[in-house]
Number of protein chains: 2
Amino acid sequence: MSVRPVSISDRNLLASLGAVVSRFGVEGASLARLSQASGLKKASLYHRFPGGKDEIVDAIVDDTEARFAKAMSSAYVEGDPAARAEALAAGIGEYYAQGADSCLIIALSVSGDEIREGAARCVTGWSSALENVALDAGLTPDQARITAIDAVAAIEGALVISATTGDTGPFERALASLPRRLTTVPESA
Amino acid sequence: MSVRPVSISDRNLLASLGAVVSRFGVEGASLARLSQASGLKKASLYHRFPGGKDEIVDAIVDDTEARFAKAMSSAYVEGDPAARAEALAAGIGEYYAQGADSCLIIALSVSGDEIREGAARCVTGWSSALENVALDAGLTPDQARITAIDAVAAIEGALVISATTGDTGPFERALASLPRRLTTVPESA
DNA sequence: ATCACTATACCGAACGATCGGTAAAGCACA
DNA sequence: TGTGCTTTACCGATCGTTCGGTATAGTGAT
């Protein structure tokens, strides 16, 4: 009967598993590491995810997409584009713990082709949210598309920097400049 | 007599090995994959690198640092900062094959802490080169430092995007905007 | 020029450890 | 006594690594 909603322990489970994959990559996230991080033995993980590691990774990607979509929901509401852009920046900052957390997209990008598709879905979904705000702010479709994907790139790059050197400055500045990026028309051709 | 003659085959060897690590990450770069990519059998790789996989990764990082430093050498010559910034952008574009190649720094960032230090060295070296040009262009030390690391972040993020979706647009735009970034004083506080 | 010896580069086969994955027994609670 | 979840124990495959051996190219003494 219990096709029931995702329990709180499932949510914590996915969070701890996702943290391992984000930090060490798909190939670096061994079942031993996943087991240790989650507190569940290896066979218990197979009870939760009968499809094995592939299903674990898929679940992490799906969960990440869902949580991120929720964090970006303010992109699709009615209202002032500038205020919505601020809300997006705040949501992104919270999602990545102000730059302290590793990014799953980056981890997935250092993997085989099939896994990269999940990363691509996350990127396009994210970019579409930003693009929608940029469109409402008066940018042309081309400008909005380019502005959105470049904003995503800037934040992803900042997360690479914080992951390598620990410097969260680029992340903070990328978020701070996000509202202006999304709401002002680029000057040059 | 010939203590360490770096032969041309050594250079090709490091290039092919580095490509595997950049694309699949340190943990994803198994000896089997490294062997297949280089054409050398596993035991032969141990002849070239007696220290095993760790030595291979170290050699790749060192080689990457050296080649990148060479590509960024125009940062430290005398001359017009704007022209030097253009040269830097051209060097970066060539280094990453206009965004088609994977970035070793990103691959190293999805690894254990010890390996991340190599990535951090690459980032700081790269940022220092850009910072030097920005200083010569008249930016204050703080402005130059921030501008340089943010420019590196923008390019790294663009490489994440191209690795995931295959879209090299962000990379091209990041390079195109690099000279203006490095040579114009930021407007806001 | 020949021979014994050394150094270099490569490879096949195997090592112990760990990988992802499976089966069956143990436990908690109905 | 079931039933859902966890655990111990185990499996074949692959991991990084090592060993033994082959082929070639010097090198020094004769």
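Letters A, B, ... mirror the listed sequences (proteins, then strands); counts begin at 1.
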Q: For DNA chain D, which residues in residues 25-43 of chain B have a heavy atom at a distance below 4.0 Å?
A: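 Within residues 25-43 of chain B, the residues near DNA chain D are B/A29, B/S30, B/L31, B/A32, B/K42, B/A43.
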Q: To the nearest Å, give me how far apart CG (B/D54) and C1' (D/dT18) are.
A: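 After rounding, the reported distance stands at 16 Å.
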Q: Check this for me: does any side-chain nitrogen of one of A/D62 and A/R121 sit under 4.0 Å from a carboxylate oxygen of the other?
A: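 Yes, charged N to carboxylate O under 4.0 Å.
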Q: Assess whether a salt bridge exists between B/D136 and B/R84, defined as any Lys/Arg side-chain N lying under 4.0 Å from an Asp/Glu carboxylate O.
A: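 Judged by the 4.0 Å cut-off on N to carboxylate O distance, B/D136 and B/R84 do form a salt bridge.
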Q: For A/S44 and D/dT7, is the shortest distance between a side-chain N/O and OP1 or OP2 below 4.0 Å?
A: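 Answer yes for this pair, as a side-chain N or O of A/S44 is under 4.0 Å from OP1 or OP2.
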Q: Verify the neighbour count for atom CD of A/Q36: are there more than 12 heavy atoms of other residues, nucleotides or ligands below 6.0 Å?
A: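 Counting other residues, nucleotides and ligands, CD of A/Q36 stays at 12 neighbours or fewer.
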Q: I need the NE2-P distance between B/H47 and C/dT8, as an integer number of Å.
A: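 Roughly 8 Å, once rounded to whole Å.
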Q: Nearest to the side chain of B/R48, heavy atoms from C-beta on, is which of C/dC10, D/dT7, C/dT22?
A: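 Closest nucleotide to the B/R48 side chain: C/dC10.
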Q: Run the salt-bridge test on A/R33 and B/E27 with the 4.0 Å N-O cut-off and return the result as yes or no.
A: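 Yes.
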Q: Looking at the side chain of A/K53, which of C/dG20, D/dT6, D/dT18 is the nearest nucleotide?
A: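 The closest nucleotide is C/dG20.
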Q: Between P on D/dT17 and CD on B/E55, what's the gap in Å once rounded to a whole number?
A: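 That distance rounds to 11 Å.
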Q: When you look at A/T168 and A/E172, which way does the side-chain hydrogen bond (donor to acceptor under 3.5 Å, both in side chains) test go after all the steps?
A: CA-CA 6 Å; A/T168 58; A/E172 298 162 6; 3.1 Å; yes
Q: Spell out, yes or no, whether B/L182 and B/M72 are grouped together once hydrophobic residues are joined by side-chain heavy atoms under 4.5 Å, including indirect joins.
A: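 Linked within one cluster.
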